[in-house]
Enquirer: 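Pasting a structure below so you can have a look.
Chain A is the first sequence line, chain B the second, and so forth, proteins listed ahead of strands; every chain is numbered from 1.
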Number of protein chains: 4
Amino acid sequence: MRADAKRNRAKILAAAEEVFVAAGSDASTEEVARRAGVAIGTVFRHFPTKNDLLAAIMKELADRLAGEAETLAAEGDPATALFTFFAGVVEQAAGRKTVVELLDVDIRVDSQLQTMRDAIGALLTRAQQAGAVRAGVRLDEVMALLTATSAGALRAGWDRDLRTRTLDVVFAGLRPR
Amino acid sequence: MRADAKRNRAKILAAAEEVFVAAGSDASTEEVARRAGVAIGTVFRHFPTKNDLLAAIMKELADRLAGEAETLAAEGDPATALFTFFAGVVEQAAGRKTVVELLDVDIRVDSQLQTMRDAIGALLTRAQQAGAVRAGVRLDEVMALLTATSAGALRAGWDRDLRTRTLDVVFAGLRPR
Amino acid sequence: MRADAKRNRAKILAAAEEVFVAAGSDASTEEVARRAGVAIGTVFRHFPTKNDLLAAIMKELADRLAGEAETLAAEGDPATALFTFFAGVVEQAAGRKTVVELLDVDIRVDSQLQTMRDAIGALLTRAQQAGAVRAGVRLDEVMALLTATSAGALRAGWDRDLRTRTLDVVFAGLRPR
Amino acid sequence: MRADAKRNRAKILAAAEEVFVAAGSDASTEEVARRAGVAIGTVFRHFPTKNDLLAAIMKELADRLAGEAETLAAEGDPATALFTFFAGVVEQAAGRKTVVELLDVDIRVDSQLQTMRDAIGALLTRAQQAGAVRAGVRLDEVMALLTATSAGALRAGWDRDLRTRTLDVVFAGLRPR
DNA sequence: TATGAATGAGGATTCATTCAT
DNA sequence: CATGAATGAATCCTCATTCAT
């Protein structure tokens, strides 16, 4: 791929994230093109269908989150890393920096997203080994809570205080009694 | 309003709930009319815009939930009523019996929904008085968790086991240490 | 169907015939709407896809031709009726009064067009019984020649003289030696 | 023109014939480029518009047919050469080996195609001199019948038997009584 | 009031053509 | 000269909304 094409691809992805986060996944592809500063044809050259574009955003997001989770698993304090990660994701959602709406679609099914699940799974295991999370908790419900609260923060527009208080409850629920 | 008009209004609301729950809020108004057995013009006579129709469904839902909450507040065990209610809402969402997607839109703003908030607030207060919920927990985060988990159950299609395990965490987080 | 709707349907069909004959079957549906004096949505309400519209024109044409053939079979001179009909079809094609382009699509397959085939078959049989057409000639090649010459007259714009001379050859080929 | 450019031109023409015959003349130029193994820009460098490309194919076809006709005129039996040529063209059309769709566009107008007309004219003259074709038959209707039956064989997909029977009628019509 | 036909803006997608690399 | 990315007009189709019947 040529340099300018790669640059455009990135611009389109960035614009798409903004647009779809702001207006939901039925915002128009035209709007994405406008925000990216390219013609509509360019969007479709890079992503042959609108769905491909949405999938690409999802993949990007999953990769980014997986990276963050892996870093924390490698470097962070096992007792707090999961909570740090969790809060960070919700924070990003609230800041419209990510596309949480897409998180709850097929997240357990799509093999492309397995990496992210694995990374978060590692955080969970380490937190449990450190005694920071109850042994009975499984990855499934952690993912469920993560997507649910991220989506809430994003769509319902929870303010900072509400986010904190809500996560307090969730984290308390995860900790051993 | 004439009797047949009132009957039509009810038919339309019922059809709209079915349709929007089944196909998301961008199902067509035509589809609602078809399911209700009326012509499209009749739908728009009762609800001048599609948004009005969605709002009416939301109101209906809020009223129904408020009723359930009030009943539980009046008759239920203060220590468990909130949890019972909470689980019931999530269960309805999972069973597509309600329109949770709409719950997180303006739920604190819309004065029409105040009643529901109040009813749930009463459940919370009583649970705290009974020592079943930590004193520091506020209604805002309870609502946040309720909408977030309901939406998750609905959209992401959590199965019964996952719903239970997820709510276990939330409820543990609400209880005193 | 309401009276105005029926009127519009007819206007659309007429416009479509004109447009598709003039510009080929990839003329735009917009153009048809414009020519019919209705909005684009009206065209699609009557014919949900462009293909449905093309099919409807074809059906209309087939019905009209079947009617003409039946009339001639009932009333005309057996020895000349087939030739009269044949020449009439080619003449209509030349006058852009019909949509010959569509004739050669699936004409033997589509059951809706069977009627027309049958009517022309009757003409052929009677012509053979009257000794005006060789016994060995089958309906298939008559249809083939009919569509081929009609399409030629339409698309290649044969003038009157050329049409006559071309049909002279064909008719001579059909007659007994 | 450089050697590689000439080679590209040929590759493009060959690919275009394949593509347009297979998918009709509204196949995309991209598809032609892909089949030719060149970039889209190269196609447009050689043929500034899609129409130019179609015209070039037509010219090629006309030249090839003219060649065949000339060979037959020089070497063949005058009494059968025209029929042989005629049947050969229809056969090629049926075998998708040529682009008959284009034959009926401006075939009398375009001076580039005069050669082909002349060659077929020679076949006709010789056939008439040999007494194999009626004296009154003119080149125009022979061309008309040729294009009409070729187009029919191509587009309507006449099978071998139907082609034979149809040409039998045409040839009978051309012969003296 | 109910009906359902008409409207027309909007949206996804395609493709001939241009032009920077 | 070749490449292939970018352009943007054009096309099919959908759907909220209006309005004649």
Enquirer: For K50(D) and for V38(C), locate the closest nucleotide of DNA chain E by heavy-atom distance; then report the residue assigned to the nucleotide nearer the 5' terminus.
Expert: V38(C)
Enquirer: Roughly how many Å is it from CG in D4(C) to C1' in dA20(F), rounded to a whole number?
Expert: 7 Å
Enquirer: Say you draw a straight line from NZ of K59(B) to CG of L61(B); how long is it, rounded to the nearest 0.5 Å?
Expert: 11.0 Å
Enquirer: Contact list please: residues 40-49 of chain A against DNA chain E, heavy atoms, distance less than 4.0 Å, in numerical order.
Expert: I40(A), F44(A), T49(A)
Enquirer: Name the pairing partner of dT21(E), where a pair is Watson-Crick or G-U wobble with both distances under 3.5 Å, or state none.
Expert: dA2(F)
Enquirer: Decide yes or no for D63(D) and M116(D): does some side-chain heavy atom of the first lie under 4.5 Å from some side-chain heavy atom of the second?
Expert: no
Enquirer: Does S28(C) make a side-chain N or O approach to OP1 or OP2 of dA10(F) shorter than 4.0 Å?
Expert: no
Enquirer: How many Å lie between CD1 on I12(D) and C1' on dA16(E), as a whole number?
Expert: 15 Å
Enquirer: For a quick test of reading the model: is some side-chain N or O of N8(D) closer than 4.0 Å to OP1 or OP2 of dA2(F)?
Expert: yes
Enquirer: Within this structure, what is the CG-CZ distance for the pair D4(A) and R9(A), rounded to the nearest 0.5 Å?
Expert: 14.0 Å
Enquirer: For A27(D), which contact category applies under a 4.0 Å heavy-atom criterion: base, sugar-phosphate, or nothing?
Expert: sugar-phosphate
Enquirer: Rounded off to whole Å, could you give me the CG-to-C1' distance for the L53(C) and dT11(F) pair?
Expert: 14 Å
Enquirer: Expressed in angstrom and rounded to an integer, what is the separation of R34(A) atom CZ from dG8(F) atom C1'?
Expert: 13 Å
Enquirer: Name the residue closer to the 5' end of DNA chain E, choosing between E30(B) and N51(A) according to the nucleotide with the nearest heavy atom.
Expert: E30(B)
Enquirer: Quickly work out the D52(A) CG to dA12(E) C1' distance and round it to whole Å.
Expert: 12 Å
Enquirer: Sequence neighbours excluded and cut-off under 3.5 Å, please list the side-chain donor-acceptor pairs for residues 29-37 of chain C, or say none.
Expert:
{"residue": "E31(C)", "atom": "OE1", "partner": "R34(C)", "partner atom": "NH1", "Å": "2.8"}
{"residue": "R35(C)", "atom": "NH1", "partner": "E18(C)", "partner atom": "OE1", "Å": "2.7"}

Enquirer: Within the structure shown, what part of the strands sits under 4.0 Å from A33(C) by heavy-atom distance: base, sugar-phosphate, or nothing?
Expert: nothing
Enquirer: Output yes when at least one side-chain N/O atom of T29(B) is less than 4.0 Å from OP1 or OP2 of dC15(F), else no.
Expert: no
Enquirer: Would you kindly compare R7(C) and K6(A) by the position of their nearest DNA chain F nucleotide and give the one closer to the 5′ end?
Expert: K6(A)
Enquirer: Rounded to the nearest 0.5 Å, what separation is found between the CD1 atom of I12(B) and the CD atom of E17(B)?
Expert: 14.0 Å
Enquirer: Would you compute the distance between atom CG of L53(C) and atom CZ of F47(C) and round it to the nearest 0.5 angstrom?
Expert: 5.5 Å
Enquirer: State, with a plain yes or no, whether a side-chain heavy atom of L54(D) is found less than 4.5 Å away from one of T49(D).
Expert: no
Enquirer: Find the distance L54(D):CG to dT17(E):P and express it as a whole number of Å.
Expert: 10 Å
